[in-house]
Protein chains: 2
Amino acid sequence: MAESPIRPRAAAIVVAAREILEAEGIEALTMRRLGEAVGIRAPSLYRHFADKAAVEIVLLEAGFDELADSFEAAFERDGESLATLGQAFRDFARTRPHLYRMMTTGRLPRERMRPDVEARAAAPLMRVTGGDEHIARAAWAFAHGMVILELDDRFPPGADLDAAWSAGLAAFAANIGRGGV
Amino acid sequence: MAESPIRPRAAAIVVAAREILEAEGIEALTMRRLGEAVGIRAPSLYRHFADKAAVEIVLLEAGFDELADSFEAAFERDGESLATLGQAFRDFARTRPHLYRMMTTGRLPRERMRPDVEARAAAPLMRVTGGDEHIARAAWAFAHGMVILELDDRFPPGADLDAAWSAGLAAFAANIGRGGV
DNA sequence: GTCTATAGTGGGATAGAC
DNA sequence: GTCTATCCCACTATAGAC
């Protein structure tokens with residue numbers, strides 16, 4: 001499904017890459033390891049992908065697509081609200097921590113990615129913040145901060161993160177449309 | 001100043017490490033590069049530090065100390081408020097982006113760090129949120145999210161980040177003590 | 001405390017035969 | 001499309017001479 005169905009080998013490589021990423025983390029995703037997982041030697045991978053980055057791009061694009069799917073499904077299921085979005089966001093990240101990290105750490109290779117891919121994932125937040133772009137960006141930063149600090153084990157051991165999420169989302173929800181200060 | 005004044009060579013190594021980190025980023029900080037910067041061969045560094053992590057620990061501790069210093073100075077200068085803290089936080093990160101990244105990306109090697117070092121940097125936020133730990137954590141996540149997304153160039157080109165900061169800080173300030181939903 | 005030499009590991013990627 | 005062989009790179013870290 002990722003990339004072209006005409007090339008089953010390439011698709012299998014992407015599937016294997018995703019499995020390695022989720023199971024062992026980003027450093028485990030090497031061309032040698034990937035070849036092994038798919039049953040060929042590392043150099044043969046280059047018949048299917050120009051370089052390692054090309055494989056990573058496919059993973060990234062799939063990740064953003066899945067994130068957008070999650071948001072849209074959550075809206076249908078639980079109604080369109082900031083709380084719904086926050087829940088879906090956190091669930092997404094906790095279900096695929098390594099993919100989430102890959103999607104959000106460092107620069108994004110936008111030059112090599114499908115141009116619409118980020119926008120579709122961002123659209124639900126725009127809806128729910130009613131066009132208040134400042135609150136939208138603040139809420140995005142909040143959600144990303146909560147998730148990445150949780151994944152990286154930065155909160156104190158007993159911290160009630162549900163409560164922190166609630167407090168944050170409530171604060172933003174109460175301030176939509178007030179335009180800053 | 002970092003570590004022991006009795007060992008000037010070790011101090012010089014730390015200074016060089018900090019310079020390399022800030023100037024060229026975390027991947028540039030290798031033992032070879034560090035030896036070169038300080039005028040000795042890489043293996044000789046191991047007479048001064050047990051391993052590479054030991055050098056990094058010193059940088060991390062110094063970073064948290066500086067962050068705490070920044071907060072305390074900002075409180076004295078501009079008064080104790082969430083807005084003051086947010087400004088100081090953002091300034092800190094933008095002034096030392098690579099150090100900030102190193103301090104906040106991935107797991108923290110807490111076992112090898114001074115135990116009080118995180119707590120001192122966190123204290124000002126506790127003060128300003130008046131003991132509402134949920135709002136405190138949410139505000140921390142917001143600030144980190146804003147900063148790291150800015151450093152990693154994730155916001156749209158023309159985005160007004162001052163406005164996003166204001167909107168976020170105002171939302172939190174208005175909700176201190178309300179205890180979530 | 002510094003050196004040279006080197007071990008040991010890992011990575012991405014290419015050439016050319018089949 | 002896959003293979004073997006290989007290049008070239010980079011890294012952390014140790015041994016042992018000086």
Side-chain angles (χ1 to χ4, degrees), chain A residues 2-60 98 101-102 105-109 111-113, chain B residues 2-60 98 101-102 105-109 111-113:
Chain A
E3 196 126 77
S4 52
I6 317 180
R7 306 215 229 163
R9 202 59 161 159
I13 291 168
V14 170
V15 168
R18 174 70 175 264
E19 284 168 359
I20 293 169
L21 176 67
E22 291 304 355
E24 305 171 47
I26 185 73
E27 329 87 69
L29 187 57
T30 69
M31 294 304 265
R32 296 191 212 277
R33 180 82 189 66
L34 184 51
E36 179 189 316
V38 79
I40 62 179
R41 302 293 166 190
S44 304
L45 294 169
Y46 292 88
R47 295 286 170 185
H48 304 280
F49 291 91
D51 52 20
K52 191 190 179 189
V55 179
E56 292 170 339
I57 303 292
V58 177
L59 291 181
L60 286 172
H98 294 294
R101 244 188 275 263
M102 189 187 188
T105 301
R107 251 193 79 267
L108 249 200
E111 336 74 64
R112 297 182 66 175
M113 290 174 62
Chain B
E3 196 125 80
S4 52
I6 317 178
R7 306 215 227 163
R9 202 58 159 159
I13 291 168
V14 170
V15 168
R18 174 71 175 264
E19 284 167 0
I20 293 169
L21 175 67
E22 291 305 354
E24 304 170 49
I26 185 72
E27 329 87 71
L29 186 57
T30 69
M31 294 304 263
R32 295 189 212 277
R33 182 82 189 66
L34 185 51
E36 179 189 318
V38 80
I40 62 179
R41 303 293 166 188
S44 303
L45 294 169
Y46 292 87
R47 295 285 170 188
H48 305 280
F49 291 91
D51 52 21
K52 191 190 179 190
V55 180
E56 291 170 339
I57 302 291
V58 177
L59 292 180
L60 286 172
H98 293 294
R101 245 188 273 263
M102 189 186 188
T105 302
R107 252 193 79 269
L108 249 200
E111 338 70 66
R112 297 183 64 175
M113 291 175 61

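Every chain is numbered from 1 and lettered A, B, ... according to where its sequence line falls, protein lines coming before strand lines.
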Trainee: Got a sec, which residues hit salt bridge (Lys or Arg N to Asp or Glu O under 4.0 Å) with B:Glu24, two or more places apart in sequence or on another chain?
Mentor: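 Result, salt bridge (Lys or Arg N to Asp or Glu O under 4.0 Å) vs B:Glu24: B:Arg33.
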Trainee: Can you confirm whether A:Met102 sits close enough to A:Leu59 that some side-chain heavy atom of one is under 4.5 Å from a side-chain heavy atom of the other?
Mentor: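 SC-SC contact between A:Met102 and A:Leu59 confirmed.
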Trainee: Working to the nearest 0.5 Å, report the span between NZ of A:Lys52 and CD1 of A:Ile57.
Mentor: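 The distance works out to 12.0 Å.
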Trainee: Please state how far atom CZ in B:Arg41 lies from atom C1' in D:dT14, giving the value in whole angstrom units.
Mentor: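 Taking atom C1' of D:dT14 as the reference, CZ of B:Arg41 is at 17 Å.
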Trainee: Identify the 5'-most and 3'-most nucleotides of DNA chain C with at least one atom closer than 4.0 Å to a non-hydrogen atom of chain A.
Mentor: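 So the outermost contacting nucleotides come out as C:dG11 to C:dG16.
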Trainee: In terms of side-chain geometry, is the basic nitrogen of A:Glu36 or A:Arg32 positioned less than 4.0 Å from the acidic oxygen of its partner?
Mentor: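 A salt bridge is absent here (no side-chain N lies under 4.0 Å from a carboxylate O).
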Trainee: Tell me: CD1 of B:Ile13 to P of D:dT12, nearest whole Å?
Mentor: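 One finds 14 Å between P of D:dT12 and CD1 of B:Ile13, rounded.
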Trainee: Please round to the nearest 0.5 Å and tell me the distance separating atom CD1 of A:Ile13 and atom CG of A:Leu45.
Mentor: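 That separation rounds to 5.0 Å.
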Trainee: Reading nucleotides 5-10 of chain D from the 5' end, what letters show protein touch, with B for base, S for backbone sugar-phosphate only, - for no heavy atom under 4.0 Å?
Mentor: B-----
Trainee: Just how far is it from atom CD of A:Glu56 to atom CZ of A:Arg112, taken to the nearest 0.5 Å?
Mentor: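 So the gap between those two atoms works out to 9.0 Å.
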Trainee: What do the steps show when you test B:Leu29 against B:His98 for side chain to side chain contact (heavy atoms under 4.5 Å, CB included), and what is the final call?
Mentor: CA-CA 11 Å; B:Leu29 186 57; B:His98 293 294; over 6 Å; no
Trainee: If you find the nucleotide of DNA chain C closest to B:Arg9 and the one closest to A:Ala28, which residue's nucleotide is nearer the 5' end?
Mentor: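 Looking at DNA chain C, the more 5' nearest nucleotide goes with B:Arg9.
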Trainee: Using 0.5 Å steps for rounding, measure from the CD1 atom of A:Ile40 to the CG atom of A:Leu34.
Mentor: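 It comes to 8.0 Å.
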